[in-house]
Amino acid sequence: MSEKLKVGILGGTGMVGQRFISLLENHPWFEVTTIAASPRSAGKTYAEAVGDRWKMDTPMPEAVKNIVVKNVNEVESVAAEVDFVFSAVDMTKDEIKKIEEAYAKTETPVVSNNSAHRWTPDVPMVVPEINPEHMEVIKYQKERLGTTRGFVAVKPNCSIQSYAPVLTAWKEFEPYEVVATTYQAISGAGKTFKDWPEMVGNIIPYIGGEEEKSEKEPLRIWGHVDDEKKCIVPAESPVITCQCIRVPVLNGHTAAVFVKFKKKPTKEQLIEALVNYSGVPQQLELPSAPKQFIQYLEEDNRPQISLDVNFEHGMGISVGRLREDTVYDWKFVGLSHNTVRGAAGGAVLCAELLKAQGYITKK
């Protein structure tokens, strides 16, 4: 047990914090030893602080129930107990930036689910199968922060996971123009139907800030580390335009996507590229890595949330309905689990990659 890295969860009482805690139960490398949340939760046991707000399908792990929640703002005190932290704090963007850097400056690596640092030039924003080499920018971030082991790394928005991996798998065919519409689950807003009854039988054609993230974040993931500028420089193509719609589904973001290619692939070539696509997490056999990153489903009525959202324990991407289009070259439907691959699970995989790369070690 003592060989495992000690992990703190910042914002541990919210929905993403709960997902971290459930995913890390029995993790072979990491052990949750510290949970921090807002001052109103501090001093209570985790079970008391969450009360009847536990939102996961599985029961609260016994190992965390009696952990006394700490005040997330007492940075030195929390950092002293852990090797690294996951961040899922619910604060303003400026407050998140400040507190995550404060933890990093205590020489505590921060792996964040939040969006605040996604455009900080020397903070890597990583989907481990796509751009693991972006972690190299951490050395420049440490220079800026004046740290030896402390840094911030982030994962991208949940909305892009159902199509950015697909477009990455098709890179050789040079996609240059993309139209995507995402149909996003209510858990992406930290809600259940009990919290948000007006979503039952309803669609809301607006999710604040989501369309810009969905259009721009893939370009940063496809960018490169510029050693002169000491930062990540985003790619310039493909151009993506997006609409994001909230739908009455608990878990799972679906995307309907249209693509134009410079090189004209066949359907067989596209499917082969999807199912054969894998990355560093698969090569290293990281604990949370899906064995099959992307699956292609031949049936006309797939992927479906009820059948496919938990593919590879929620860490895989499901694709279907690939067909030629009359205006664009090809169109498809993608599906990903928004709170597993798209949030906490994606961050856990990032932390596993950082450990494998030697960035996260015992203090």
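Throughout, numbering of the chain's residues begins at 1 and tracks the sequence.
The environment of NE2 in His224 is crowded: more than 12 heavy-atom neighbours from other residues, nucleotides or ligands sit within 6.0 Å. Remark: Arg144 CZ is packed, more than 12 non-hydrogen atoms of other residues, nucleotides or ligands lying under 6.0 Å away. More than 12 heavy atoms of other residues, nucleotides or ligands lie within 6.0 Å of CD in Glu133, so this atom counts as buried by the packing criterion. In the displayed structure, Asp90 atom CG is contacted under 6.0 Å by at most 12 heavy atoms of other residues, nucleotides or ligands. The 12-atom threshold is exceeded at NZ of Lys363, counting heavy atoms of other residues, nucleotides or ligands nearer than 6.0 Å. Other residues, nucleotides and ligands contribute only 12 or fewer heavy atoms inside 6.0 Å of the CG atom of Asp300. Enclosure of atom NZ in Lys216 is not indicated, since only 12 or fewer non-hydrogen atoms of other residues, nucleotides or ligands lie within 6.0 angstrom. Dense packing is recorded around NZ of Lys267, with more than 12 heavy atoms of other residues, nucleotides or ligands lying under 6.0 Å away.
Taking hydrophobic clusters as Ile, Leu, Val, Met, Phe, Trp and Tyr residues chained together by side-chain heavy-atom distances below 4.5 Å, Leu349 does not share a cluster with Phe293. Linking ILVMFWY side-chain heavy atoms closer than 4.5 Å, directly or via other members, places Ile130 and Val178 in a single hydrophobic cluster. With hydrophobic clusters built from ILVMFWY side chains whose heavy atoms lie under 4.5 angstrom apart, Val259 shares a cluster with Val319. Residues Tyr140 and Phe151 are members of separate hydrophobic clusters, defined by side-chain heavy-atom contacts under 4.5 angstrom among Ile, Leu, Val, Met, Phe, Trp and Tyr. A chain of hydrophobic side-chain contacts below 4.5 Å, direct or via other Ile, Leu, Val, Met, Phe, Trp or Tyr residues, connects Ile99 to Val123.
We find the CD-CZ distance between Glu107 and Arg149 to be 7.5 Å, quoted to the nearest 0.5 Å. Of the inter-residue distances, the one linking Met56 atom CE with Leu23 atom CG reads 8.5 Å to the nearest 0.5 angstrom. Between Phe258 atom CZ and Lys331 atom NZ the span is 5.5 Å, to the nearest 0.5 Å. From Leu145, atom CG reaches atom NZ of Lys142 across 10.0 Å, with rounding to the nearest 0.5 Å. Atom CZ of Arg19 sits about 13.0 Å away from atom CD1 of Ile9, to the nearest 0.5 Å. One distance of note links CG of Leu10 with CG of Asn113; it measures 11.5 Å at 0.5 Å rounding.
Inter-residue side-chain proximity for Met15 and Gln18 is flagged as unmet; no heavy-atom pair is nearer than 4.5 Å. For the pair Met125 and His134, the minimum side-chain heavy-atom distance is 4.5 Å or more. Residues Ser115 and Lys93 form a side-chain contact, since some pair of their non-hydrogen atoms from C-beta on lies under 4.5 Å apart. Taking 4.5 Å as the limit, some side-chain heavy atom of Val72 sits within range of a side-chain heavy atom of Tyr103. In this structure the side chain of Pro109 never reaches within 4.5 angstrom of the side chain of Leu354, judged on heavy atoms. Using a 4.5 Å heavy-atom cutoff, the side chains of Cys158 and Glu210 are in contact. Between Val78 and Thr34 the shortest side-chain heavy-atom distance falls below 4.5 Å. Side-chain contact between Phe261 and Trp330 is present, with at least one heavy-atom pair separated by less than 4.5 Å.
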Take Lys362 and Glu3 through the salt bridge (charged side-chain N to carboxylate O under 4.0 Å, His left out) test and state the conclusion after the steps. CA-CA 9 Å; Lys362 273 199 167 302; Glu3 289 308 300; over 6 Å; no
Yes or no on side-chain contact (heavy atoms from CB on, under 4.5 Å) for Thr45 and Glu48, after CA distance, side-chain angles and deciding distance? CA-CA 5 Å; Thr45 66; Glu48 288 168 348; 3.2 Å; yes
Determine, step by step, whether Arg321 and Glu298 satisfy the salt bridge (charged side-chain N to carboxylate O under 4.0 Å, His left out) criterion, reporting the C-alpha distance in whole Å, the side-chain angles of both residues, the deciding distance to 0.1 Å, and the verdict. CA-CA 7 Å; Arg321 302 211 68 212; Glu298 297 283 352; over 6 Å; no
Would His253 and Leu335 count as a side-chain contact (heavy atoms from CB on, under 4.5 Å) if you check the C-alpha gap in whole Å, the side-chain angles of each, and the deciding distance to 0.1 Å? CA-CA 6 Å; His253 287 357; Leu335 170 65; 5.9 Å; no
Would you check, one step at a time, whether the test side-chain contact (heavy atoms from CB on, under 4.5 Å) holds for His337 with Gln161? CA-CA 8 Å; His337 196 306; Gln161 314 281 339; over 6 Å; no
Verdict with supporting geometry, Leu322 and Leu270, side-chain contact (heavy atoms from CB on, under 4.5 Å): CA-CA 9 Å; Leu322 176 64; Leu270 290 172; 3.7 Å; yes
List the steps, then state whether salt bridge (charged side-chain N to carboxylate O under 4.0 Å, His left out) holds for Glu177 with Lys260. CA-CA 5 Å; Glu177 193 174 299; Lys260 283 184 180 175; 3.7 Å; yes
Using the rule given for salt bridge (charged side-chain N to carboxylate O under 4.0 Å, His left out), can you reason through Glu174 versus Lys263, listing the C-alpha separation, both sets of side-chain angles and the distance that settles it, and then say yes or no? CA-CA 6 Å; Glu174 298 180 26; Lys263 296 178 179 171; 3.3 Å; yes
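Under the 3.5 Å distance criterion, with hydrogens and angles disregarded, no donor-acceptor pair is assigned to the side chains of Glu31 and Thr33. No side-chain donor-acceptor contact under 3.5 Å links Lys97 and Thr120.
Nearest heavy-atom pair, Gln282 versus Pro290, reported as atom, atom and distance to 0.1 Å: NE2-O, 2.9 Å. Pro303 approaches Asp308 most closely through the heavy-atom pair CA-OD2, 3.2 Å. Smallest separation of non-hydrogen atoms from Ser214 and Ile160: CA-CG2, 3.7 Å. Across all their heavy atoms, Pro197 and Lys194 have their closest contact at CD-O, 3.7 Å. Pairing each heavy atom of Ile360 with each of Val111, the nearest pair is CD1-CG2, 4.1 Å. Taking both residues in full, the closest heavy atoms of Glu100 and Val110 are given as O-CG2, 3.6 Å, listed atom of the first, atom of the second, then distance.
Within the structure, ring-ring contact (aromatic ring centres under 6.0 Å, His included) pairs that include any residue of residues 50-94 comprise Phe20-Phe86, Phe30-Phe84, Phe84-Phe86 (at least two apart or interchain).
Because its NZ or CZ atom is both nearer than 6.0 Å to the ring centre of Trp29 and within 45° of the ring axis, Lys355 counts as a cation-pi partner of that residue. Cation-pi check for Lys65 over Tyr46 is not met; the charged atom does not lie both under 6.0 angstrom from the ring centroid and within 45 degrees of its normal.
Of the residues listed (Thr13, Val16, Val7, Val64), the one engaging Ile21 in a side chain to side chain contact (heavy atoms under 4.5 Å, CB included) is Val64, and it is the only one.
Between Lys139 and Asp122 there is no salt bridge, since none of the side-chain N atoms of the basic residue sits less than 4.0 Å from a carboxylate O of the acidic one. Between Asp83 and Lys6 there is no salt bridge, since none of the side-chain N atoms of the basic residue sits less than 4.0 Å from a carboxylate O of the acidic one. For the pair Glu312 and Lys291, the salt-bridge criterion is not met [side-chain N within less than 4.0 Å of a carboxylate O].
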Which pairs would a plain distance check flag for residues 234-247, meaning a side-chain donor or acceptor within less than 3.5 Å of a matching protein atom at least two apart in sequence or in another chain?
{"residue": "Arg246", "atom": "NH1", "partner": "Ala185", "partner atom": "O", "Å": "2.7"}

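For Trp170 and Tyr163, the gap between ring centers reaches or exceeds 6.0 Å.
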